[in-house]
Protein chains: 2
Amino acid sequence: MSKIKKDKSTEERILAAAKKIFVMKGMAGARMQDIADEAGINKALLHYYFKNKEKLFEVIFLEAAGKLFPKINEIFLADKPLFEKIESFCAEYISIVMENPYLPLFVLNEINQDPEYFLSKVWKGKNLPMPEKFLAQIEQEVAKGKIKRISPLHLLMNLISMTVFPFVAKPMFQKNLGLDELQFRSVMEQRKKEIPGFIIDAIKK
Amino acid sequence: MSKIKKDKSTEERILAAAKKIFVMKGMAGARMQDIADEAGINKALLHYYFKNKEKLFEVIFLEAAGKLFPKINEIFLADKPLFEKIESFCAEYISIVMENPYLPLFVLNEINQDPEYFLSKVWKGKNLPMPEKFLAQIEQEVAKGKIKRISPLHLLMNLISMTVFPFVAKPMFQKNLGLDELQFRSVMEQRKKEIPGFIIDAIKK
DNA sequence: GTCTATAATTTGATAGAC
DNA sequence: GTCTATCAAATTATAGAC
């Protein structure tokens with residue numbers, strides 16, 4: 001701690017500013033000047049802290065991806081009954097993303113720019129997604145006759161789609177359904193129960 | 001028809017090139033040079049046909065949005081039984097998007113850049129989304145005791161999410177689930193039946 | 001309509017003073 | 001660490017010949 005009692009270190013303010021601008025405009029659309037302005041500094045100082053735009057972007061992107069992917073992998077690896085997994089995934093994922101509603105679109109969009117590069121960045125070494133266990137668990141439930149004969153792959157896609165997509169299409173849903181910020185939050189809060197209930201109704205015998 | 005028998009007019013080639021580049025890189029990331037190269041012409045000619053980048057982009061964006069939104073509005077306005085609506089929506093929407101899998105992410109991303117502006121462009125005047133009828137129809141089915149007591153809003157979100165999201169997250173799903181191009185298409189083909197079946201199981205009494 | 005050459009502007013990045 | 005001033009490269013857009 002070289003410095004005491006300042007609201008926020010310059011680096012912290014840069015990172016907060018960069019996150020805001022990058023998530024809003026994307027890598028290509030973001031301007032170093034905008035980030036500097038947002039952080040209350042100038043471009044030179046920005047480059048002093050982060051050598052170039054690419055380096056700064058990588059920090060922001062990896063932090064964003066780090067908020068979204070581990071939670072998905074958790075559901076793959078956890079040692080819990082199927083229904084519990086689905087319930088806790090919806091609730092926890094929505095809670096996390098509700099604080100940063102635009103992260104999923106940001107991350108998915110950048111991944112789309114160069115899937116190989118970005119996906120390798122996301123889980124280089126560890127953190128690899130292992131959906132096999134989860135898919136096998138569904139198979140077993142089917143085999144045991146606990147749930148309907150459903151394709152594990154499609155069930156997984158349905159779960160993730162219903163949980164994540166409303167955030168990706170947030171402006172569209174808000175405009176078309178006439179939801180203000182508060183109402184949108186409320187709807188997403190409901191979905192923590194609504195989605196698991198919907199799935200259970202769909203697959204229970 | 002001033003000219004006869006040429007593979008493709010210059011304007012057509014420009015539009016095809018612009019679509020490819022804009023959809024791949026987004027408005028901010030696309031380069032006029034790339035579009036010119038892709039079309040086999042030079043930048044000057046590109047500006048001769050379309051005054052500037054913004055104008056060209058608008059044409060592409062509106063065409064893309066025009067492929068995605070009317071189909072959604074159709075389900076809102078059509079005069080058909082609920083189940084039929086859901087079935088035909090899934091099948092038709094997936095068929096349309098399968099030929100341009102990256103359109104949804106492109107459109108959603110640009111809308112996110114400036115929701116007011118882009119959404120006003122999409123349905124200026126006509127083409128306004130009218131979800132009320134569809135939501136009311138669900139209410140009625142519930143009231144008549146035909147289906148479970150479910151929130152119309154959430155059912156609508158679930159339907160659209162399950163249909164659209166796999167395209168938005170295409171690279172992620174492909175990488176994580178180990179699907180090549182052909183397998184992905186096959187999975188989406190299955191979903192034309194899988195999604196309606198899933199929904200029916202979830203809401204039928 | 002199409003091209004070459006070039007202007008005009010934006011923007012990422014650096015030099016050097018304090 | 002932070003700033004001002006400036007450069008160098010990239011990129012949109014135009015002028016003008018054919």
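Within every chain, numbering begins at 1; the chains are lettered A, B, ... in the order of the sequence lines, protein sequences first and strands thereafter. Predicted model, so just to flag it, every value in this text is computed and none were measured.
Here B:Lys51 lies in heavy-atom contact (under 4.0 Å) with sugar-phosphate atoms only. Across all strands, A:Ala30 comes closer than 4.0 Å only to sugar-phosphate atoms, never to a base (heavy-atom distances).
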Practice prompt. Show your working on side chain to side chain contact (heavy atoms under 4.5 Å, CB included) between B:Val187 and A:His154 and close with a plain yes or no.
Written response: CA-CA 8 Å; B:Val187 168; A:His154 287 288; 3.7 Å; yes
Worksheet entry | Derivation and outcome, side chain to side chain contact (heavy atoms under 4.5 Å, CB included), residues A:Met157 and B:Leu177 | CA-CA 10 Å; A:Met157 277 190 173; B:Leu177 301 172; 4.3 Å; yes
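Across the protein-nucleic acid pair, B:Arg13 atom CZ and C:dG1 atom P stand 13 Å apart, rounded to whole Å. Distance B:Tyr48 OH to D:dA13 P: 18 Å, rounded to the nearest Å. Here D:dT11 presents its P atom at 13 Å from CD1 of B:Ile21, a figure rounded to the nearest Å. In this structure, the CD1 atom of A:Ile14 is 8 Å from the P atom of D:dT2, given to the nearest Å. Between the CD atom of B:Glu54 and the P atom of D:dT11 there is a distance of 18 Å, given to the nearest Å. Computed from coordinates, the A:Met27 CE to C:dT11 P distance equals 14 Å when rounded to whole Å. In this entry the distance linking NZ of A:Lys43 with P of D:dC3 reads 14 Å, nearest Å. Distance B:Leu46 CG to D:dT11 P: 15 Å, rounded to the nearest Å.
The backbone N or O of B:Phe89 lies less than 3.5 Å from no partner atom in the side chain of B:Glu74, so there is not a single donor-acceptor pair.
Ring geometry, B:Phe76 versus B:Phe134: the interplanar angle falls from 30° to 60°, so the pair is classed tilted. The aromatic rings of B:Phe69 and B:Trp123 sit perpendicular to each other, their planes meeting at more than 60°, with 30° as the lower class boundary. Classified by interplanar angle (parallel below 30°, tilted 30° to 60°, perpendicular above 60°), the ring pair B:Phe57/B:Phe106 is perpendicular.
The phosphate of C:dT14 has neither OP1 nor OP2 within less than 4.0 Å of any side-chain N or O from A:His47. At D:dA10, none of the side-chain N or O atoms of B:Arg31 fall inside 4.0 Å of OP1 or OP2 (strictly under the cut-off). For B:Thr10, no side-chain nitrogen or oxygen approaches OP1 or OP2 of C:dG1 to under 4.0 Å. Taking 4.0 angstrom as the limit, B:Tyr49 places a side-chain polar atom (N or O) nearer than this to OP1 or OP2 of C:dT2. Checking the phosphate oxygens (OP1, OP2) of C:dC3, a side-chain nitrogen or oxygen of B:Asn42 falls inside 4.0 Å.
Contact check on B:Arg185 versus B:Glu181 returns no salt bridge, with no Lys/Arg side-chain nitrogen under 4.0 Å from an Asp/Glu carboxylate oxygen. With respect to the salt-bridge test (charged N to carboxylate O, under 4.0 angstrom), the residues B:Arg191 and B:Glu194 do not qualify. With respect to A:Asp79 and A:Lys133, a salt bridge is recorded, a charged nitrogen being found less than 4.0 Å from a carboxylate O.
In the helix from C:dG1-D:dC18 to C:dC18-D:dG1, the end axes, each obtained as the rotation axis mapping the C1' atoms of four pairs onto the next four within a five-pair block, lie 0° apart to the nearest 10 degrees.
When each of B:Ile41 and A:Gln33 is assigned the nucleotide of DNA chain C bearing its nearest heavy atom, the one mapping closer to the 5' terminus is B:Ile41.
Atom NZ of A:Lys193 has 12 or fewer heavy atoms from other residues, nucleotides or ligands within 6.0 Å.
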Just the atom pairs and distances: protein N or O near nucleotides 16-18 of chain C's N or O, under 3.5 Å.
none

